[in-house]
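Quick notes on the structure that follows.
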There are 2 protein chains.
Amino acid sequence: MSDKLFQQIRKFIDLSANDELVVNKYINTLQLNKKEFLLHDGKVCNDLYFVEKGCLRMYFINKKDSEQITQFALDGWWIADYMSFMNNTPSNYYIQSIEKTEIVSISSQKFDDLLKELPHLEKYFRIIMQKAVAASQHRAKLMYEMTKEEFYIHFSTSFPEFMQRVPQYMIASYLGLTPEYMSELRKKKL
Amino acid sequence: MSDKLFQQIRKFIDLSANDELVVNKYINTLQLNKKEFLLHDGKVCNDLYFVEKGCLRMYFINKKDSEQITQFALDGWWIADYMSFMNNTPSNYYIQSIEKTEIVSISSQKFDDLLKELPHLEKYFRIIMQKAVAASQHRAKLMYEMTKEEFYIHFSTSFPEFMQRVPQYMIASYLGLTPEYMSELRKKKL
DNA sequence: TCAATTTCTTAAACCAGTTTAATATTTAAG
DNA sequence: CTTAAATATTAAACTGGTTTAAGAAATTGA
């Protein structure tokens, strides 16, 4: 249920059995069917979400009325619209499950309360956020440096399983390609 | 000297006068002339940098042997190659001053020591990192959504002073434009 | 002050990737 | 099992932005 979360926390800080009980007071576990929404455009992103098992996507509706995916989240990953979460402002994003998914969520208020009750958890969240910044710096570098074809090749080489698991048009969206161009690149690659 | 840093910290947490003395034990203040380097490709990014006054840029050398800027840092901003900092691996980036700049730096080791001695500082750094993630999510959204022309207009409208302060070719680099195209857009805009 | 270097501008030829418009294949629902 | 809906493929016309190649203007250093 929240095994993966506690496992991950213990990679960075000590967490006693009693601490674990405290954390459980504040978090929520959820089972999602495919295509269930956690967040809608126009609503405040009031929770942080941790994926225990499954896959989420975060997307917005662009000017041409189509879905533009900016992020996926797999097992062990946190996901949220952090701007909305921190400023309590309406989000421009949707967060939706791509398949059956188990998550842990914690609301903004409970997050504050938890960190007051267990301040050493601040270190875990600081590290997680640092890793997220590192990952986004890395991704920005790739996007500046590579053509879209190169980025596709890099991505499909790095995450072959993911490529099978998620609809191709979603991967195209995430990579900033049209589905048509993606088909062309797939053909080329064989 | 580190006024801006302490000012910023106090926006998020309480920091006593004594705490401030402790922090001063761990940090380093530096004056940089224009074009001085803080980080070279191939070296480990062993410090976090905070800009008290001035402007830094972070860039890498791309496949065509030209400089690709991925980030600027102005007064009140932290900057580092976080992947290199956290993993103690050689960086692919340079960090350089664009003008005379005052910074505060803290090495990886001292960062750990400081947080052990003043654990409530973890909250400050967690918040700063969350804000950085929020900013990178926002920027990714803009880049997916806007043409380069639109992005240029958005940026020059949002940061008119910055546009005057920094060489145009650097802004072009950061926006992912060629200097030639940028000239064209500037002409169009008049 | 002058020469060297850097930065900015100009414009035509070029192209990575998109748009448009189907068609084919696969998946989901009843 | 059949139909509807969703996903993937195909290809030609199109375009936002780059490359190439100067020349002009501004800044820097001695």
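Chain identifiers are assigned alphabetically (A, B, ...) following the order of the sequence lines, protein sequences preceding nucleic acid strands; residue numbering begins at 1 within each chain.
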Pair A:Tyr174 + A:Phe72: ring centers closer than 6.0 Å: yes
By the 4.0 Å heavy-atom rule, please label A:Tyr169 as base, sugar-phosphate, or nothing. sugar-phosphate
What's the OH-C1' distance between A:Tyr181 and D:dC14, to the nearest Å? 15 Å
Protein-nucleotide distance (A:Met182, atom CE; D:dT10, atom C1'), rounded to Å: 16 Å
Rounded to whole Å, how long is the line connecting atom OH of A:Tyr144 with atom P of D:dT18? 12 Å
Side chain of B:Lys148: nearest nucleotide among D:dA8, D:dG16, D:dT18? D:dT18
Taking every heavy atom of A:Lys43 against every heavy atom of A:Ser84, the minimum-distance pair comes out as O-OG, 4.2 Å
Side-chain donor/acceptor of A:Tyr49 to backbone N/O of A:Leu38, under 3.5 Å: yes
I need the NZ-P distance between B:Lys35 and D:dT28, as an integer number of Å. 8 Å
Assign the ring pair A:Phe60 / A:Tyr93 to parallel, tilted or perpendicular, where the plane angle (0 to 90°) is split at 30° and 60°. perpendicular
Nucleotide of D:dT18, D:dT9, D:dT20 approaching B:Glu180 most closely (side-chain heavy atoms): D:dT20
Name the first nucleotide and the last nucleotide along DNA chain C (5' to 3') that come under 4.0 Å of a heavy atom in chain B. C:dT7 to C:dA11
What is the distance from CE of B:Met143 to P of D:dG17, rounded to the nearest Å? 11 Å
So, is B:Lys64 near the phosphate of D:dT18, with a side-chain N or O under 4.0 Å from OP1 or OP2? no
Please compare B:Lys34 and B:Glu150 by the position of their nearest nucleotide in DNA chain D and report the one closer to 5'. B:Glu150
Rounded to the nearest angstrom, tell me the gap between atom CD in B:Glu99 and atom P in D:dT28. 12 Å
Taking C-beta and beyond as the side chain, do B:Asn92 and A:Lys141 meet within less than 4.5 Å on heavy atoms? yes
Contact class for B:Thr178 vs. all strands (heavy atom < 4.0 Å): base, sugar-phosphate, or nothing? base
Would you mind classifying the nucleic acid contact of B:Glu184 as base, sugar-phosphate or nothing, using non-hydrogen atoms under 4.0 angstrom? nothing
Quick check on the 6.0 Å ring-centre criterion: do B:Phe111 and B:Tyr26 meet it? no
Are any of the side-chain nitrogens in A:Lys63 or B:Glu150 under 4.0 Å away from the carboxylate oxygens of its partner? yes
Residue closer to the 5' end of DNA chain C, B:Pro167 versus A:Glu149 (nearest nucleotide): B:Pro167
